[in-house]
Amino acid sequence: MLNNNQFLEIIKESFATYLNVGTSTSTAKLKTLHGHIASDLSEILGNEYSIKSQGIGNDKEGTIKGRYYPKRVDITIYHKGVPVAGYAVKFVMRNYSQNSNNYFENMLGETANIRSNSIPYFQIFIIFDKVPYYKDGGKFDHYDNISQHQLSKYLILSKDDPSVYFHAPDKTLILLVNLKEKAPDFTYRDVEDYAEYYRSVIHDEDLLKYSDKIEDDFDSSVILNDYNDFIKRTYHIILGKEKN
């Protein structure tokens, strides 16, 4: 299983794909993330379980029957051919302030749909601690500096008991990542200028590190910057559910 530093390299691979593809809406950037997470889960869960995800097996997502509608899920865990858990993965690389409420509301809705059908559901949320914000046409406007305040809704979520609230994921992993800057608060011309610089330094060893910009005040349902711990905790939840 990947350790936390090795998982940073997978985030780097995903970022590199985004820079080459040139659009944040492409699912290509997530394939390497999904595939490596799915491989780690396959390793820790063992042969009694199977997994559907991009980047592993037949390279296709699985579908979980929710209480209200069936949902295609980034990573689906099966036991004896039956879906028993799901993982959603989101990696935000631009315009966070514009879409943060939509990201959060969609996460709550899809989680409630699946968990209210008695299936554990987990969320992975990855974001740089400084996210470029572009106007229409891709012109660079400013940075969204991710602060304690901007993640306050996740702090509140961490205090919601998943056994009581179906909208709360069984576990949520937040990975807040620091991306090396060209210069402090450097102003790029546009999205291509930003991509050109980071393509030129993508192999730098110090490109990424886990950010210490916010305090870890989250309760136990939200894990900050510890991928390894998240995978182990979700593994125990899946096994515990199957034994009941």
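Basis for what follows: all heavy atoms, side chains included, without hydrogens, waters or symmetry-related copies. One is the number of the first residue; the rest follow in order along the sequence. Source: prediction; values computed, not measured.
One finds the CD1 atom of Ile124 at 13.0 Å from the NZ atom of Lys90 (value rounded to the nearest 0.5 Å). Atom CD1 of residue Ile231 and atom CG of residue Asn3 lie 12.5 Å apart, to the nearest 0.5 angstrom. In this structure, CG in Leu8 is found 10.5 Å from CG in Leu2, a value given to the nearest 0.5 Å. With rounding to the nearest 0.5 angstrom, the OG1 atom of Thr187 is 11.0 Å from the NZ atom of Lys182. To the nearest 0.5 Å, atoms CZ (Phe15) and CG (Leu179) are separated by 5.0 Å. From Met1, atom CE reaches atom CD1 of Ile44 across 4.5 Å, with rounding to the nearest 0.5 Å.
Put simply, the side chain of Asn117 does not reach to within 4.5 Å of the side chain of Ile64, judged on heavy atoms. Inter-residue side-chain proximity for Thr32 and Ile10 is flagged as met; some heavy-atom pair is nearer than 4.5 Å. The shortest side-chain heavy-atom distance between Lys130 and Ser211 does not fall under the 4.5 Å cut-off. Looking at heavy atoms from C-beta onward, Val73 lies out of side-chain contact with Lys52 at the 4.5 angstrom threshold. Looking at Tyr96 and Tyr143, their side chains never come closer than 4.5 Å, going by heavy atoms from C-beta outward. Counting heavy atoms from C-beta on, the side chains of Leu41 and Ile37 come closer than 4.5 Å. Side-chain contact check for Gln150 versus Ser147: some heavy-atom pair is nearer than 4.5 Å. At least one side-chain heavy atom of Leu155 sits under 4.5 Å from a side-chain heavy atom of Phe218.
Crowding of Tyr165 atom OH: a count of heavy atoms from other residues, nucleotides or ligands under 6.0 Å not exceeding 12. Around the CZ atom of Phe186, the shell of radius 6.0 Å holds more than 12 heavy atoms that belong to other residues, nucleotides or ligands. For NZ of Lys180, the number of neighbouring non-hydrogen atoms (other residues, nucleotides, ligands) closer than 6.0 Å is greater than 12. Residue Lys159 places its NZ atom among more than 12 non-hydrogen atoms of other residues, nucleotides or ligands, all under 6.0 Å distant.
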Could you walk me through whether Asn101 and Lys153 pass the side chain to side chain contact (heavy atoms under 4.5 Å, CB included) test, one step at a time? CA-CA 9 Å; Asn101 287 340; Lys153 47 183 162 289; 3.7 Å; yes
Side chain to side chain contact (heavy atoms under 4.5 Å, CB included) between Arg67 and Ser118: does it pass, once the steps are laid out? CA-CA 9 Å; Arg67 182 173 178 84; Ser118 299; over 6 Å; no
Might you work through the side chain to side chain contact (heavy atoms under 4.5 Å, CB included) test for Leu176 and Ile127, ending with a clear yes or no? CA-CA 5 Å; Leu176 187 65; Ile127 189 168; 3.7 Å; yes
Worked verdict on Tyr87 versus Thr234 for side-chain hydrogen bond (donor to acceptor under 3.5 Å, both in side chains): CA-CA 10 Å; Tyr87 292 73; Thr234 59; 2.7 Å; yes
Take Glu192 and Arg199, measure what salt bridge (Lys or Arg N to Asp or Glu O under 4.0 Å) needs, and give me the verdict at the end. CA-CA 10 Å; Glu192 179 53 33; Arg199 283 195 293 264; 2.4 Å; yes
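When hydrophobic clusters are built by joining Ile, Leu, Val, Met, Phe, Trp and Tyr residues whose side-chain heavy atoms come closer than 4.5 Å, directly or via intermediates, Val131 is grouped together with Phe104. Transitive grouping of hydrophobic side chains (ILVMFWY, heavy atoms separated by less than 4.5 Å) brings Leu224 and Met107 into a common cluster. Linking ILVMFWY side-chain heavy atoms closer than 4.5 Å, directly or via other members, places Tyr194 and Val201 in a single hydrophobic cluster. Note on Phe140 and Phe128: same hydrophobic cluster, where clusters join Ile, Leu, Val, Met, Phe, Trp and Tyr whose side-chain heavy atoms are under 4.5 Å apart, directly or indirectly. In the hydrophobic cluster analysis, where Ile, Leu, Val, Met, Phe, Trp and Tyr join through side-chain heavy atoms closer than 4.5 angstrom, Met93 is grouped together with Val89.
For the residue pair Asp129 / Asn178, a side-chain donor-acceptor distance below 3.5 Å is found, with atom types taken as modelled. Side-chain N/O atoms of Gln123 and Thr111 include a donor and acceptor closer than 3.5 Å. Counting only N and O atoms by type, the side chains of Tyr121 and Glu110 include a donor and acceptor under 3.5 Å apart. With 3.5 Å as the limit, one finds no donor-acceptor pair spanning the side chains of Asp219 and Ser221.
In this structure, Tyr154 and Val222 approach most closely via the heavy-atom pair O-CG2, 3.9 Å. When all heavy atoms of Ile238 and Leu45 are compared, the closest pair comes out as CG2-CD2, 4.3 Å. Pro162 and Pro169 get closest at one heavy-atom pair: CG-O, 3.6 Å. Residues His36 and Tyr227 approach most closely at O-OH, 4.2 Å, considering heavy atoms. Between Val84 and Tyr49, the closest heavy-atom pair is CG2-CE2, 4.2 Å. Pairing each heavy atom of Thr76 with each of Pro83, the nearest pair is CG2-CB, 4.0 Å.
A donor-acceptor pair is defined here as one N or O able to donate and one able to accept, closer than 3.5 Å; such a pair exists between the side chain of Asn106 and the backbone of Asn102. Under a 3.5 Å cut-off, the side chain of Lys80 and the backbone N or O of Glu48 do not form any donor-acceptor pair. Side chain of Asp141 to backbone of Lys135: no donor-acceptor contact under 3.5 angstrom is found.
Taking Gln148 as the reference, Ile214, Glu215, Asp217 meet the side-chain contact (heavy atoms from CB on, under 4.5 Å) condition, with sequence neighbours excluded.
Ring geometry for Tyr188 against Tyr198 counts as tilted: the plane angle lies between 30° and 60°, on a 0 to 90° scale.
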Between side-chain atoms of residues 54-62 and protein atoms elsewhere (two or more places apart, or another chain), which donor-acceptor pairs fall under 3.5 Å?
from, atom 1, to, atom 2, distance (Å)
Asn58, OD1, Lys60, N, 3.2
Asp59, OD1, Gly55, N, 2.6
Asp59, OD2, Lys31, NZ, 3.0
Glu61, OE1, Arg72, NE, 3.3
Glu61, OE1, Arg72, NH2, 3.2

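When each of Asn225, Asn228, Asp226 is tested with Asn4 by the rule side-chain hydrogen bond (donor to acceptor under 3.5 Å, both in side chains), just one qualifies, namely Asp226.
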